[in-house]
Amino acid sequence: VTEKVVAEKVPAREPLADGNYIYNGDFNASDFTVEVAENENKVVDQWTFFQGPAGKAMYQVTDGVMHVQIDKGGDMDYSVQFFQTPILLKKGSSYKVTFDVKAEGERPLKIKVGGDGDRGWVDYASEPPMTVNTEWETKSFQFTMPEDTDEKARLEFNMGLDDQDLWIKNVRLVEDK
């Protein structure tokens with residue numbers, strides 16, 4: 001007799017006390033430096049770092065600021081990427097993403113709030129790439145979850161296709177009630 005093994009369902013991760021679904025969005029858990037090989041993931045302090053096709057970067061957190069030092073922007077927007085998962089997004093609920101950002105020079109940045117491979121890498125927010133400049137600026141956008149509830153959604157910072165460095169801090173994703 002063979003027993004069928006059933007994977008235990010992991011409960012959805014709740015937001016922090018301040019309503020932020022992003023854990024360590026202020027990058028204050030610790031200072032660190034991460035280097036990642038192509039097509040490799042590394043997880044540090046709630047964030048996952050990835051380098052895709054032809055991308056090469058180093059990620060460094062100092063005093064609550066993520067500095068993405070980009071040597072090669074690669075062939076895809078996700079060639080230089082960091083993201084956080086799992087994020088609970090409820091169907092029909094509205095959300096707001098905010099963060100502070102600046103760049104070495106004017107460049108695009110694609111923020112994606114979406115599903116993982118099980119969901120076909122769908123982009124729930126459908127936010128077009130934004131332009132980032134050399135001065136600190138608060139960026140934000142809102143979206144309503146169009147798909148079925150996703151308990152393991154992702155907030156991605158896609159920084160490929162450009163070799164200019166980025167600095168990011170104060171990342172928030174909250175339900176917009």
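Residues take their numbers from the sequence shown, with the count starting at 1.
Panel note: side chain Arg13, backbone Tyr21; a donor-acceptor pair is recorded below 3.5 Å. With Glu40 contributing its side chain and Ala37 its backbone, the two residues share a donor-acceptor pair below 3.5 Å. The closest donor-acceptor contact from the side chain of Thr33 to the backbone of Gln60 lies at 3.5 Å or more, if one exists at all. With hydrogens and angles ignored, the 3.5 Å screen pairs no side-chain donor or acceptor of Gln46 with any backbone N or O of Ile22. Side-chain atoms of Thr98 never come within 3.5 Å of backbone atoms of Ser140 as a donor-acceptor pair (strictly under, hydrogens ignored). A donor-acceptor contact shorter than 3.5 Å links the side chain of Asp18 to the backbone of Asn20. Asp31 places a side-chain N or O within 3.5 Å of a backbone atom of Asp63 that can act as its donor or acceptor partner.
Each of Tyr23 and Leu173 belongs to its own hydrophobic cluster when Ile, Leu, Val, Met, Phe, Trp and Tyr are linked at side-chain heavy-atom distances under 4.5 angstrom. In the hydrophobic cluster analysis, where Ile, Leu, Val, Met, Phe, Trp and Tyr join through side-chain heavy atoms closer than 4.5 angstrom, Val171 is grouped apart from Val174. At a threshold of 4.5 Å between side-chain heavy atoms, the hydrophobic network of Ile, Leu, Val, Met, Phe, Trp and Tyr places Val80 and Val44 in one connected group. Note on Leu88: it clusters hydrophobically with Val97, by side-chain heavy-atom contacts below 4.5 Å among ILVMFWY residues. Met130 and Phe82 fall within the same hydrophobic cluster, where Ile, Leu, Val, Met, Phe, Trp and Tyr residues are linked whenever their side-chain heavy atoms come under 4.5 Å apart, directly or through other members.
With sequence neighbours excluded, the residues satisfying side chain to side chain contact (heavy atoms under 4.5 Å, CB included) with Val43 are Thr48. Scored by the ring pair (Phe, Tyr, Trp, His ring centres under 6.0 Å) test, Phe83 finds no partners at all (sequence neighbours excluded). Partners of Lys102 according to the salt bridge (Lys or Arg N to Asp or Glu O under 4.0 Å) rule, which considers only residues two or more places apart in sequence or in another chain, do not exist here.
By the 4.5 Å heavy-atom criterion applied to side chains, Asp116 and Trp121 are counted as neighbours. A 4.5 Å side-chain heavy-atom check between Asp118 and Lys152 finds at least one atom pair inside the cut-off.
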Before you tell me yes or no, could you show the steps for Glu147 and Leu89 under side-chain contact (heavy atoms from CB on, under 4.5 Å), namely the whole-Å CA-CA distance, both residues' side-chain angles and the distance that decides it to 0.1 Å?
CA-CA 9 Å; Glu147 307 275 341; Leu89 297 179; over 6 Å; no
Test log, rule side-chain contact (heavy atoms from CB on, under 4.5 Å), inputs Gln164 and Ile70
CA-CA 6 Å; Gln164 296 182 85; Ile70 302 173; over 6 Å; no
Intermediate values then yes/no, side chain to side chain donor-acceptor pair (under 3.5 Å), Gln69 and Asp165:
CA-CA 5 Å; Gln69 301 169 37; Asp165 289 8; 5.9 Å; no
Please report the C-alpha distance between Phe157 and Val68 in whole Å, then the side-chain angles of each, then the deciding distance to 0.1 Å, and finally whether the side-chain contact (heavy atoms from CB on, under 4.5 Å) criterion is met.
CA-CA 10 Å; Phe157 285 82; Val68 183; over 6 Å; no
Please lay out, stage by stage, how Met66 and Phe99 fare under the test side-chain contact (heavy atoms from CB on, under 4.5 Å).
CA-CA 11 Å; Met66 168 68 69; Phe99 58 96; over 6 Å; no
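Residues Phe143 and Val113 approach most closely at CZ-CG1, 3.5 Å, considering heavy atoms. Closest approach of Ala54 and Lys72 over heavy atoms only: O-CB, 3.5 Å. When every heavy atom of Ala125 is checked against every heavy atom of Phe141, the shortest pair comes out as CB-CE1, 3.7 Å. Across every non-hydrogen atom of Thr144 and Ser94, the tightest pair is OG1-OG, 3.0 Å. Gly105 and Thr134 get closest at one heavy-atom pair: CA-CG2, 3.8 Å. Nearest heavy atom pair, residue Met145 against residue Asp148, reads CE-O, 3.2 Å.
Once rounded to the nearest 0.5 Å, the distance linking CD of Gln84 with CG of Asp45 reads 10.5 Å. Asp123 CG to Arg154 CZ: the interatomic distance, rounded to the nearest 0.5 Å, is 11.5 Å. The CZ atom of Phe50 lies 8.0 Å from the OG atom of Ser79; values are rounded to the nearest 0.5 Å. Interatomic distance, CG of Leu109 versus CE of Met159, reported as 7.0 Å (0.5 Å rounding). Distance check: Asp75 CG to Leu161 CG gives 8.0 Å after rounding to the nearest 0.5 Å. With values rounded to the nearest 0.5 angstrom, Met76 atom CE is found 12.5 Å from Lys110 atom NZ.
A centroid separation of 6.0 Å or more is found between the aromatic rings of Tyr124 and Tyr95.
Between Asp77 and Lys112, no side-chain nitrogen of the basic residue sits less than 4.0 Å from a carboxylate oxygen of the acidic one, so the salt-bridge criterion is not met.
At a cut-off of 3.5 Å, with distance as the only test, a side-chain donor of Asn158 or Glu156 sits close to an acceptor on the other residue.
The one candidate from Phe32, Trp47, Tyr59 that meets the ring-ring contact (aromatic ring centres under 6.0 Å, His included) condition with Phe27 is Trp47.
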